[in-house]
Amino acid sequence: MKQANNCALIVVDVQNGFTPGGNLAVAGADQIIPCINQLGTCFDTIVITQDWHPHNHISFASNHLGKQPFDTIQLPYGPQVLWPSHCVQGTQDAELHPALDLPTAQLIIRKGFHRNIDSYSAFMEADRHTSTGLAGYLKERGIDTVYIVGIATDFCVAWTAIDASKAGLNSYVIIDACKAIDMNGSLQHAWQEMLASGVQRISSRNILV
Ligand SMILES: [Zn+2]
């Protein structure tokens with residue numbers, strides 16, 4: 001069902017790097033893409049995010065002597081999980097997944113391009129000070145409600161949904177159009193934080209009726 005023009009779909013990080021065959025592949029993450037494509041037909045405003053790191057990015061374990069992927073370190077802005085090198089600017093790993101078919105999307109937000117700051121959220125980088133500008137863009141477009149889909153539920157989707165709520169937007173996560181990494185209970189923890197922040201969980205069935 002076509003959604004009203006105060007609503008936007010935010011499609012988080014559906015890239016080669018996070019899907020099977022990618023450098024930070026999330027198992028089964030390509031399986032949500034047909035659902036996302038269908039949801040795309042229901043929204044006039046679609047925003048896509050794209051993780052977009054320099055090769056020497058601070059979130060890469062390879063840039064920290066003696067550290068392994070999935071270790072956590074302390075940075076000036078707080079704890080940071082270290083990842084395998086992924087979504088390096090200009091590489092095939094960073095490209096949007098070829099099955100993603102959202103021809104009417106109007107904006108691609110690239111995030112994580114500052115060498116010393118990671119950015120899970122589409123709104124605010126991990127230092128919690130540096131804005132991506134997305135809240136202003138949505139506000140100027142008259143959007144007050146966002147529906148969030150993509151990868152990974154427990155990191156970039158969760159942080160985006162929480163920041164949307166903090167920005168005063170009605171924030172919904174469409175659960176069957178997301179895929180989680182889910183390590184050490186991260187998915188359960190993310191849902192606790194999302195629900196506590198006023199994020200609502202819905203199914204694609206609620207939109208595709
Ligand atoms: Zn990243």
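Whatever order the structure lists them in is the order used to number ligands and atoms, beginning at 1. Residue indices begin at 1 and follow the sequence shown. Just so it is clear, the model here is predicted, and its values are computed rather than measured.
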Near the Zn ion (ligand 1), protein N/O/S count under 2.8 Å comes to 3
Over 12 foreign heavy atoms within 6.0 Å of CG, Asn184: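 Not more than 12 within 6.0 Å, no.
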Is the shortest side-chain N to carboxylate O distance from Arg141 to Asp44 below 4.0 Å? no
Are Lys111 and Asp13 within salt-bridge range, i.e. N to O under 4.0 Å? yes
So which atom in Asp51 and which in Ala94 form the shortest heavy-atom distance, rounded to 0.1 Å? O-CB, 4.3 Å
Determine, step by step, whether Phe113 and His53 satisfy the ring pair (Phe, Tyr, Trp, His ring centres under 6.0 Å) criterion, reporting the C-alpha distance in whole Å, the side-chain angles of both residues, the deciding distance to 0.1 Å, and the verdict. CA-CA 5 Å; Phe113 53 79; His53 298 308; 9.6 Å; no
Among pairs that include at least one residue of residues 162-197, which meet ring pair (Phe, Tyr, Trp, His ring centres under 6.0 Å), considering only residues two or more places apart or in two chains?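 For residues 162-197, and leaving out neighbouring residues, the ring pair (Phe, Tyr, Trp, His ring centres under 6.0 Å) pairs sorted by first residue read Tyr147-Tyr172.
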